[in-house]
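Read the structure below first, then the notes.
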Amino acid sequence: MAKTGISPIRTEDYPEWYQQVVKAADLAENSPVRGCMVIKPWGYGIWENMQRQLDEMFKETGHENAYFPLFIPKSFLEKEAEHVEGFAKECAVVTHHRLEPGPDGGLVPAGELEEPLIVRPTSEMIIGSMFAKWVQSYRDLPLKINQWANVVRWELRTRLFLRTAEFLWQEGHTVHATKEEALEETRTMLDVYAEFAENHMAMPVIKGEKTAGERFPGADITYSIEAMMQDRKALQAGTSHFLGQNFSKAQEIKFQNKDGGESFAWTTSWGVSTRLVGALIMTHSDDDGLVLPPKLAPKQIVILPIIKNDEERESVMEFCRSLEVDLKAQRYGEDRLRILIDDRDLRGGEKKWHHVKRGVPIRVEVGARDIAKDSVFVGRRDQPKSTGMTRADFLSSVVGTLAEIQQGLFDRALAMQKEHTKTIDSFEEFKKYFTPKNQKKPGIHGGFAECFFVDCDEVDEMLKPLKVTPRCIPVDQEEASGTCIFTGKPTTTKGIFAKSY
RNA sequence: CGGGGUGUAGCGCAGUCUGGCUAGCGCACCUGGUUUGGGACCAGGGGGUCGGAGGUUCGAAUCCUCUCACCCCGACCA
């Protein structure tokens with residue numbers, strides 16, 4: 001049997017496979033602080049590419065970046081009732097501002113704060129308080145702000161990238177004069193996220209509206225993009241909220257309109273987080289480790305010099321450096337090609353596996369034999385075999401190859417999503433779909449179920465024992481009517497159901 | 001926060017039930033050599049006081065008490 005880069009493999013133990021991929025690819029590790037992770041250079045490099053590409057899309061849709069404080073006065077959070085209820089249980093609270101030597105050595109908190117500060121779990125309240133000052137007239141609208149920040153949600157159970165107590169994200173916050181405009185903004189940003197997921201991450205997603213039970217605390221409408229991971233579970237990869245006037249009323253974000261009257265504004269918020277890195281891992285990676293879509297790979301091509309002895313060292317390195325120069329002169333998408341020459345003093349096989357496990361899309365091996373023929377030996381992460389080709393052919397085809405890999409990853413993921421999405425018309429069939437064959441060792445089962453349903457508490461209760469949740473009500477669906485498979489009531493709503501992260 | 005489990009070298013583990021040689025093994029690491037188009041081999045070497053505190057004992061990784069951390073399953077969640 002062929003040796004795999006990762007053990008266990010996906011079908012043996014998916015959660016453990018995930019952890020091993022993160023480790024083998026050197027993306028992140030647990031920190032001394034419970035639930036918090038250290039993002040290592042290779043993992044952070046992926047995030048930086050996501051940031052840069054998303055940021056550009058935000059700017060193109062008329063947003064500006066700003067930065068607001070990490071701390072939120074407790075009283076601010078208390079203003080919007082649903083919002084408080086949603087986040088209160090997972091807030092980190094700062095109550096002191098000084099440490100003093102204690103009686104038994106060590107340090108003890110001193111200087112109690114008059115009002116405790118909350119470490120932001122999200123910034124609607126602190127940003128809204130500033131927006132209230134910034135918005136006076138209809139001429140100040142729309143106000144479209146984004147911030148790149150860290151937030152803290154004191155989760156009980158964490159997993160690297162997928163759910164950590166502290167995570168990095170962007171949060172967009174906008175203010176509009178009319179409901180229609182705010183709704184349009186909410187949907188525009190949902191489209192931006194879907195576009196980023198599909199065209200940059202090569203991850204197919206379903207755009208849809210959240211059910212009442214899954215809505216953001218304080219929102220009137222929450223939209224999300226949902227992706228299928230390789231274990232067929234759903235991952236919410238981004239959300240866009242229409243907040244109605246709930247927050248503007250709680251925070252007095254109001255403006256004078258054209259006829260001199262005063263109106264409450266309409267607000268939105270939307271965000272994606274470092275969870276996307278987790279999504280990327282679980283969408284594309286295989287039993288040999290990480291597989292990266294070229295658009296997001298920190299290095300798209302690694303050049304591996306094969307040096308047998310000191311005599312040939314200089315000529316091989318010379319060839320590699322000139323290859324690097326010629327590659328860097330080319331662009332894939334907006335970016336110059338990102339190249340690494342790995343000249344570490346390691347054995348060839350070991351070095352190759354290092355980059356396989358880290359998901360580098362293309363490896364180029366260059367030894368004296370290749371140089372004599374003016375050729376290179378090229379390996380693709382998405383294919384098992386390497387092939388020799390002339391240096392010129394490689395240089396002229398490489399950008400096309402990257403595009404082909406990017407598209408191939410998307411196609412493969414889409415095929416997987418389609419294969420495991422099933423239309424289901426009875427609760428019996430639904431239960432069967434989501435019940436693993438072997439209860440003790442569930443393994444990979446189920447997928448997405450597409451069903452007619454009525455969004456109500458009764459359905460939520462029926463779903464609980466199955467550990468299945470409504471993921472979303474897809475926005476791109478044809479009008480049709482049917483019967484709710486849970487309640488038997490007539491309905492025109494179709495939803496996607498799945499087990500989820 | 002409820003149920004279960006685990007803490008022994010950087011990582012993975014054995015030893016704990018039945019207390020007793022200098023606390024072992026694999027991988028990784030360092031040195032020397034042989035190798036080198038593929039995740040090497042041989043030899044030598046460094047590194048741990050057994051999660052923490054207290055207790056029992058002539059003697060504790062091993063027994064007792066307390067405590068901390070992590071993992072899995074629930075509940076909660078981007």
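Numbers restart at 1 for each chain; the letters A, B, ... are given by sequence-line order, proteins then strands.
B/rG55 and B/rC11 are spaced 34 Å apart, taking the C1' atom of each and rounding to whole Å. Comparing B/rG24 with B/rU16, their P atoms sit 16 Å apart, to the nearest whole Å. The C1' atoms of B/rA60 and B/rC42 are separated by 40 Å, rounded to the nearest whole Å. Comparing the C1' positions of B/rU35 and B/rC13 gives a spacing of 31 Å, expressed to the nearest Å. Here, B/rC21 and B/rG15 have their C1' atoms 14 Å apart, quoted to the whole Å. Going from the P atom of B/rC17 to that of B/rA40 covers 41 Å, rounded to whole Å. Rounded to the nearest Å, the gap between the C1' atom of B/rU18 and that of B/rU6 is 23 Å. Taking the C1' atoms as reference points, B/rC29 lies 38 Å from B/rC66, given to the whole Å.
Base contact: A/Leu162 has a heavy atom under 4.0 Å from a base atom. Nucleic acid contact for A/Lys351: none, since no nucleic acid atom lies under 4.0 Å from a heavy atom of the residue. Among the protein residues, A/Ser273 comes within range of the nucleic acid bases, having at least one heavy atom under 4.0 Å from a base atom. As judged by a 4.0 angstrom heavy-atom cut-off over every strand, A/Gly86 is placed among residues making no nucleic acid contact. Within 4.0 Å of A/Asn309, counting heavy atoms only, lies no atom of the nucleic acid at all. Using a 4.0 Å heavy-atom distance criterion, A/Ala368 is classed as a base contact. As judged by a 4.0 angstrom heavy-atom cut-off over every strand, A/Lys467 is placed among residues touching the sugar-phosphate backbone only. Nucleic acid contact class of A/Thr164 (heavy atoms, under 4.0 Å, all strands): base.
Between A/His200 and A/Phe196, the ring planes are parallel. Angles under 30° get that label, and only those over 60° would be called perpendicular. By the 30° and 60° cut-offs, the orientation of the rings of A/Trp266 relative to A/Phe242 is parallel.
Distances shorter than 4.0 Å separate some side-chain N or O of A/Gln19 from OP1 or OP2 on B/rC72. Between B/rC1 and A/Lys89, no contact under 4.0 Å exists linking OP1 or OP2 to a side-chain N or O.
Shown here, B/rC58 forms a base pair with B/rG20; the pair counts as Watson-Crick or G-U wobble because both key distances fall under 3.5 Å. For B/rC76, there is no paired base (Watson-Crick or G-U wobble, both distances below 3.5 Å). Across every strand in view, B/rU31 sits in a pair with B/rA43 that passes the Watson-Crick or G-U test at under 3.5 angstrom. Pair check for B/rA14 finds none; no Watson-Crick or G-U wobble contact set falls under 3.5 Å. With a cut-off of 3.5 Å on both Watson-Crick or G-U wobble distances, the partner of B/rC70 is given as B/rG5. In this structure, B/rU65 forms a base pair with B/rA53, meeting either the Watson-Crick or the G-U wobble geometry with both donor-acceptor distances under 3.5 Å.
Judged by distance alone, the side chain of A/Glu198 and the main-chain N or O of A/Val205 form a donor-acceptor pair under 3.5 Å.
Taking the centre and axis of the six-membered ring of A/Tyr501, the NZ or CZ atom of A/Arg159 falls outside the cone set by 45° and 6.0 Å. In this structure, A/Lys89 forms no cation-pi arrangement with A/Phe87, as its terminal cationic atom is not both closer than 6.0 Å to the ring centre and no more than 45° off the ring axis.
For the pair A/Leu235 and A/Asp288, both in contact range of RNA chain B, the more 5′-proximal nearest nucleotide belongs to A/Asp288. Judged by closest nucleotide on RNA chain B, A/Gly348 is the one of A/Gly348 and A/Gly213 placed further toward the 5' end.
When the P atom of B/rG39 is taken as reference, atom CG of A/Asp287 falls 20 Å away, rounded to whole Å. One interatomic measurement links the two molecules: CZ of A/Arg363 to P of B/rG37, which rounds to 16 Å at whole-angstrom precision. B/rA75 atom P lies 14 Å from atom CD of A/Glu155, rounded to whole Å. Between the NZ atom of A/Lys499 and the C1' atom of B/rG74 there is a distance of 14 Å, given to the nearest Å. As rounded to whole Å, 14 Å separates atom P of B/rA78 from atom OH of A/Tyr193. Computed from coordinates, the A/Glu350 CD to B/rG37 P distance equals 14 Å when rounded to whole Å. Between A/His354 atom NE2 and B/rA40 atom P there is a gap of 15 Å when expressed in whole angstrom units. The nearest whole Å value for the distance from the CG atom in A/Leu346 to the P atom in B/rC29 is 8 Å.
Checked for salt-bridge contact, A/Asp231 and A/Arg10 miss the test: no charged N lies under 4.0 Å from a carboxylate O. A/Glu124 has no carboxylate O lying under 4.0 Å from a charged side-chain N of A/Lys79, or vice versa, which leaves the two without a salt bridge.
Distance from the side chain of A/Asn30 is smallest for B/rC71 among the nucleotides B/rG37, B/rC71, B/rC11.
The side-chain hydrogen bond (donor to acceptor under 3.5 Å, both in side chains) test with A/Arg391 singles out one residue from A/Asp370, A/Asp326, A/Asp374, and that residue is A/Asp326.
For A/Arg347 against B/rG39, no side-chain N or O and base N or O form a donor-acceptor pair under 3.5 Å.
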